[in-house]
Protein chains: 2
Amino acid sequence: MLSTVTAQTPSLPAHDNPTVVRLFEAAADAFADKGFHATTTRDIASRAGLSPAGVYVHFASKEDLLFQLSRVGHVAARDALAAAADEAASPTDALQEVISEFARWHAEQHQIARIVQYEFRHLSPDHQREVLTLRREIDAVVERIIAEGVASGEFDVEDTRATALAALSLVVDVARWYHPGIKATTPESIAQSYGALALRLVGARRRA
Amino acid sequence: MLSTVTAQTPSLPAHDNPTVVRLFEAAADAFADKGFHATTTRDIASRAGLSPAGVYVHFASKEDLLFQLSRVGHVAARDALAAAADEAASPTDALQEVISEFARWHAEQHQIARIVQYEFRHLSPDHQREVLTLRREIDAVVERIIAEGVASGEFDVEDTRATALAALSLVVDVARWYHPGIKATTPESIAQSYGALALRLVGARRRA
DNA sequence: GGCGAAACTAAGCAAGCGCTTAGTCAAGTT
DNA sequence: AACTTGACTAAGCGCTTGCTTAGTTTCGCC
């Protein structure tokens with residue numbers, strides 16, 4: 001033992017490895033569907049077409065799978081948000097674009113979104129801390145847009161932080177109720193209406 | 001055996017029985033904290049000061065405990081809502097009161113609220129169906145208020161159903177992030193600000 | 001064609017799970 | 001005093017869990 005590196009799974013599983021991808025998809029399906037603790041490693045393995053032990057070739061533990069899924073999901077969400085924010089010409093545009101984009105993401109990627117939003121507490125303390133950093137970046141994007149809108153006079157908001165939280169609540173909850181084929185609702189229609197609702201929340205003068 | 005009634009738990013556990021109350025509290029704590037599947041019956045029993053077998057004197061199964069908690073929680077929420085709706089003089093008042101009250105409830109009873117909103121899928125299909133009925137009654141209260149506000153011209157809303165869902169999303173998400181002592185936020189301050197935010201969502205002319 | 005490494009499986013271990021069984025004990029009831 | 005009833009526990013059953021171990025197969029490389 002001593003200084004020999006104990007045989008850990010590669011810290012960043014290769015995304016171009018087809019077996020890893022299948023495992024990601026299998027775990028995402030299962031976690032989103034039944035929750036982390038109700039999902040068994042045997043379930044994940046068989047969905048991916050592997051024996052129970054096959055999982056541990058690519059991931060150190062069941063929690064590691066949840067963490068990687070959660071991390072990749074957060075990064076994807078954050079990048080989608082940041083891109084939408086950068087393209088906008090004004091706080092009003094920015095808020096609408098960002099909430100619109102985020103709502104669409106929560107619908108289109110509702111499995112990953114559900115894991116990101118609701119399985120957080122089952123991560124280890126260390127992994128919670130790491131993911132929390134990413135989450136704060138997302139919150140900060142929205143909060144900054146609202147602060148800018150208030151500064152420019154476009155928005156009428158009492159409590160910037162609380163309003164940002166409310167706008168995010170709107171969007172996050174999509175992951176709770178949305179599933180494909182629900183009541184003539186599509187990711188696109190959700191994106192449209194939630195962008196508009198967010199503008200209402202901040203009392204934007206100009207309506208899109 | 002034959003036709004003798006198999007010893008089932010009384011279908012409705014007595015709420016005035018102190019041991020039952022302790023079990024309810026223990027299970028609510030545990031489920032809210034760690035989720036249904038991560039909670040063990042031994043954990044519930046020991047929090048309630050009982051041996052592992054003591055739980056089964058009062059409840060038929062772990063799922064039965066979740067169901068009773070979920071049912072009682074839904075009924076309490078629905079009744080609180082309906083009372084708030086009845087007292088209001090106008091749709092504007094009604095919406096503000098109802099969302100305000102519901103938001104307060106989600107903060108004050110955040111443990112029960114979390115179970116009600118996020119442990120639903122771990123109920124048996126039959127129990128899901130029963131709880132869903134109660135949930136639809138809650139949705140209907142909010143939807144009716146918005147429809148009335150649109151009819152009276154107080155609200156400016158494109159899609160009544162979608163807007164009702166959004167208002168409820170706002171409130172439901174409180175159960176995800178709220179915990180006592182968080183950032184100078186109290187159930188009362190949440191109630192205040194969420195009542196106002198709901199009015200913004202429906203484009204109410206009159207602001208409270 | 002011999003070798004090392006990587007991917008994978010068959011088998012199974014130790015621990016923990018929900019729940020049951022058999023029994024104790026205290027408080028009525030007759 | 002004899003019996004019933006209801007709340008509770010000690011012990012543990014049968015099963016499932018996350019994960020490991022020991023071994024097989026496949027494949028690129030010299």
Side-chain angles (χ1 to χ4, degrees), chain A residues 1 4-27 30-31 33-70 119 121-124 127, chain B residues 1 4-27 30-31 33-69 119 122-124 127:
Chain A
M1 287 295 173
T4 63
V5 178
T6 51
Q8 287 276 350
T9 295
S11 49
L12 290 183
H15 253 259
D16 52 355
N17 178 327
T19 306
V20 169
V21 170
R22 259 163 42 230
L23 274 168
F24 267 134
E25 287 169 354
F31 290 160
D33 191 42
K34 320 197 301 183
F36 177 70
H37 268 102
T39 299
T40 69
T41 55
R42 282 162 177 78
D43 186 16
I44 295 168
S46 78
R47 284 189 201 228
L50 291 178
S51 74
V55 175
Y56 295 89
V57 174
H58 303 282
F59 295 91
S61 65
K62 185 173 115 171
E63 196 267 350
D64 182 37
L65 241 170
L66 176 64
F67 172 56
Q68 300 298 343
L69 231 31
S70 197
E119 305 299 324
R121 62 175 160 185
H122 298 123
L123 292 169
S124 73
H127 289 161
Chain B
M1 289 295 172
T4 62
V5 177
T6 50
Q8 287 276 348
T9 296
S11 49
L12 290 181
H15 254 258
D16 52 356
N17 179 326
T19 307
V20 168
V21 170
R22 257 163 42 228
L23 276 168
F24 268 133
E25 285 169 356
F31 290 160
D33 191 43
K34 322 198 299 185
F36 177 70
H37 269 101
T39 299
T40 69
T41 55
R42 283 162 176 79
D43 186 16
I44 295 168
S46 80
R47 286 189 199 226
L50 291 178
S51 75
V55 176
Y56 294 90
V57 174
H58 303 282
F59 295 92
S61 65
K62 186 173 114 170
E63 195 268 351
D64 183 37
L65 242 170
L66 176 64
F67 172 55
Q68 301 299 342
L69 230 32
E119 304 300 326
H122 297 123
L123 291 169
S124 73
H127 288 161

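We use all heavy atoms of the structure for the numbers below, so side chains are in, but hydrogens, waters and symmetry mates are not. Just so we're on the same page: letters track the sequence lines, and every chain starts at 1. Computed from a prediction, not measured in an experiment: that's the story for all the values here.
When distances run from any side-chain atom of Ser51(B) to the nucleotides dA10(D), dT9(C), dA7(D), the shortest one goes to dA10(D).
Legend: salt bridge (Lys or Arg N to Asp or Glu O under 4.0 Å) pairs involving residues 43-58 of chain B, not counting sequence neighbours, sorted by first then second residue: Lys34(B)-Asp43(B), Asp43(B)-Arg47(B).
With sequence neighbours excluded, no residue satisfies salt bridge (charged side-chain N to carboxylate O under 4.0 Å, His left out) with Arg42(B). With sequence neighbours excluded, the residues forming a side-chain contact (heavy atoms from CB on, under 4.5 Å) with Asn17(A) are Ala14(A), Thr19(A), Val20(A), His58(A), listed by chain and number. Scored by the side-chain contact (heavy atoms from CB on, under 4.5 Å) test, His127(B) finds Glu63(B), Phe67(B), Leu123(B), Ser124(B) as partners (sequence neighbours excluded).
Separating the CD atom in Glu119(B) from the CG atom in Leu69(B) is a distance of 10.0 Å, to the nearest 0.5 Å.
Between Phe36(B) and His122(B), the angle of the ring planes stays under 30°, which puts this pair in the parallel group of the 30/60° scheme.
Heavy-atom distances under 4.0 Å link DNA chain C to Thr19(A) of residues 17-27 of chain A, given in residue order.
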Query raised in the report: What string of B, S and - do you get for nucleotides 11-26 of chain D, 5' to 3', when a contact is any protein heavy atom under 4.0 Å?
Result: -B----BBBBB-----
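The shortest distance between side-chain heavy atoms of Arg22(B) and Leu50(B) falls below 4.5 Å. Annotation: side chain of Asp64(A) is in contact with side chain of Gln68(A) (closest heavy-atom distance under 4.5 Å).
Protein atom NE2 of His58(A) is 12 Å distant from nucleotide atom C1' of dT9(C), rounded to whole Å.
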